[in-house]
Amino acid sequence: FVKTVYFMIGLILAAGRSSRLGEPKILFQYLGKSLLERTCQQALSVCSEILVLIGAETEKSSEILRKLQRTNPKVQFSISEHWSEGMGSTLAEGLRILADKQEDIMVLLCDLPFIESSHLSALQNAKQLHPKLFIVSDFGGQMSPPVVIPQQFQSQFFNWKGEKGLGEIWHKQAKDVLYCHFNVQYKDLDTPDDKAYWRVVETQNTAE
């Protein structure tokens, strides 16, 4: 018996301006790594390759990504042409770039420091069991990326614009969605108060 290895591509949306935080989220250092580097390394644990879309902070993020490329050629990145329009436009752009791959795609963000590689492995396992469904993360009742978009549904996002969010998937296509439930608090990085919270968590984790 040979175990089937399930391949998918990681699409990391890292192009936003982070205006509420006042500094680029993707460069925020947590447990010794930028959130951009951390997210890429996590995605590589379950994805055959990754594409990172950057925009507002191209110089420093490009430097991080080129460093990752030197040890892992599966890392690719592109400067989004439409990043200033919002996440919906960036998602559409990324999916169009990857359309010829004809693979399922895991969409990830860089502002969720609580995400661990184990969460992505659980999504991967769920996708193996239910290959025709969207796989959506449920963190204590908060639906959120990372999500897995099956190849057959990707074209419906090609024309998304502006700030259109992924929530439309689980609101309008409920029959096509499988939730992967995690017993963990949802807490993103969006404001200075969030930054202070994650600094406390980091200190606690380091002390342990």
Side-chain angles (χ1 to χ4, degrees), residues 1-14 33 35-53 65 68-69 71-78 87-88 90-158 160 165-186 188:
F1 175 75
V2 178
K3 182 180 179 181
T4 300
V5 178
Y6 192 85
F7 292 104
M8 57 187 165
I9 298 173
L11 173 59
I12 299 176
L13 306 182
K33 298 178 181 178
L35 290 184
L36 176 58
E37 180 182 6
R38 177 180 167 87
T39 304
C40 288
Q41 291 178 338
Q42 290 173 338
L44 288 168
S45 70
V46 297
C47 296
S48 58
E49 59 183 287
I50 64 172
L51 171 67
V52 186
L53 284 187
L65 293 167
L68 286 171
Q69 283 181 326
T71 57
N72 200 322
K74 295 189 294 183
V75 177
Q76 301 295 323
F77 69 94
S78 177
M87 190 181 75
T90 307
L91 172 67
E93 186 176 352
L95 292 176
R96 290 195 301 267
I97 292 172
L98 295 173
D100 290 344
K101 301 283 187 178
Q102 297 186 351
E103 296 280 359
D104 296 335
I105 294 175
M106 177 181 284
V107 180
L108 306 98
L109 307 179
C110 290
D111 61 351
L112 304 175
F114 64 87
I115 295 290
E116 301 289 348
S117 296
S118 59
H119 298 135
L120 305 189
S121 294
L123 296 176
Q124 181 190 43
N125 291 337
K127 189 61 193 172
Q128 284 184 288
L129 295 172
H130 305 278
K132 295 183 179 181
L133 297 180
F134 290 97
I135 309 298
V136 176
S137 300
D138 175 0
F139 299 104
Q142 174 68 50
M143 272 59 79
S144 166
V147 304
V148 182
I149 303 179
Q151 193 274 328
Q152 67 267 27
F153 290 123
Q154 290 165 19
S155 61
Q156 72 186 52
F157 302 99
F158 286 176
W160 272 24
L166 288 166
E168 185 165 317
I169 294 173
W170 46 91
H171 290 144
K172 293 189 175 182
Q173 295 187 227
K175 66 180 178 62
D176 299 315
V177 174
L178 176 74
Y179 295 105
C180 203
H181 301 280
F182 300 107
N183 185 25
V184 61
Q185 178 187 6
Y186 178 91
D188 61 1

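Because only heavy atoms are used, hydrogens play no part in the values below, and waters and symmetry mates are left out as well, while side chains stay in. In this text the structure is predicted, and so the values were computed from the model without any measurement.
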The reported gap from CD in Glu37 to SG in Cys110 (rounded to nearest 0.5 angstrom) is 11.0 Å
Side-chain donor/acceptor pairs under 3.5 Å, residues 92-99, sequence neighbours excluded:
{"residue": "Glu93", "atom": "OE1", "partner": "Ser80", "partner atom": "OG", "Å": "2.6"}
{"residue": "Glu93", "atom": "OE1", "partner": "Glu81", "partner atom": "N", "Å": "3.3"}
{"residue": "Glu93", "atom": "OE1", "partner": "His82", "partner atom": "N", "Å": "3.4"}
{"residue": "Glu93", "atom": "OE2", "partner": "Glu81", "partner atom": "N", "Å": "2.9"}
{"residue": "Arg96", "atom": "NH1", "partner": "Phe158", "partner atom": "O", "Å": "2.5"}

Closest non-hydrogen atom pair between Lys127 and Lys132, with its separation: NZ-N, 4.0 Å
Donor-acceptor contact below 3.5 Å, side chain Gln76 vs main chain Pro73: yes
Measure the CG-CG distance between Leu91 and Leu11 for me, rounded to the nearest 0.5 Å. 6.5 Å
Student check: side-chain heavy atoms of Leu123 and Val46 closer than 4.5 Å: no
Can you name the one residue among Thr39, Leu108, Leu120 that meets side-chain contact (heavy atoms from CB on, under 4.5 Å) with Ile115? Leu120
Side-chain heavy atoms of Ile9 within contact of Cys47, under 4.5 Å: no
Parallel, tilted or perpendicular: which describes the rings of Phe139 and Tyr186, with under 30° parallel and over 60° perpendicular? tilted
Would you call Glu103 and Glu49 a side-chain contact if the rule is heavy atoms closer than 4.5 Å? no
Taking all atoms of both residues into account, what is the closest heavy-atom pair of Pro150 and Pro131, and its distance? CB-O, 4.1 Å
Taking all non-hydrogen atoms of both residues into account, name the closest pair between Val177 and Leu133 and its distance. N-CD2, 4.4 Å
Can you tell me how the ring of Phe157 sits relative to the ring of Phe134, calling it parallel under 30°, perpendicular over 60° and tilted otherwise? perpendicular
Between His119 and Phe114, the two heavy atoms sitting closest are CE1-O, 3.5 Å
Measuring from Cys180:SG to Ile135:CD1, what's the distance to the nearest 0.5 Å? 7.5 Å
Please confirm whether the backbone N or O of Gln102 pairs with a side-chain atom of Gln151, one donor and one acceptor, at under 3.5 Å? no
Can you tell if the side chain of Trp170 reaches within under 4.5 Å of the side chain of Val147, non-hydrogen atoms only? yes
May I ask you to check whether Gln156 and Gln173 show a side-chain donor-acceptor distance below 3.5 Å? yes
Between His130 and Ala126 (side chain of the first, backbone of the second, donor and acceptor by atom type, cut-off under 3.5 Å), is there such a pair? no
How close do Val148 and Met106 get, counting heavy atoms only, and between which atoms? CG2-CE, 3.9 Å
Lys74, NZ atom: more than 12 neighbouring heavy atoms under 6.0 Å: yes
Short question: side chain of Gln154, backbone of Ile149 - any donor-acceptor pair under 3.5 Å? yes
In Å and rounded to the nearest 0.5 Å, what is the NE2 to CE distance from His181 to Met143? 8.5 Å
For the residue pair Asn72 and Leu44, what are the closest heavy atoms and their distance? ND2-CD1, 3.5 Å
Distance in Å, Gln128 CD paired with Met8 CE, rounded so as to fall on 0.5 Å steps: 8.5 Å
Could you state the interatomic distance from CG (Leu51) to CG (Leu13), rounded to the nearest 0.5 Å? 9.0 Å
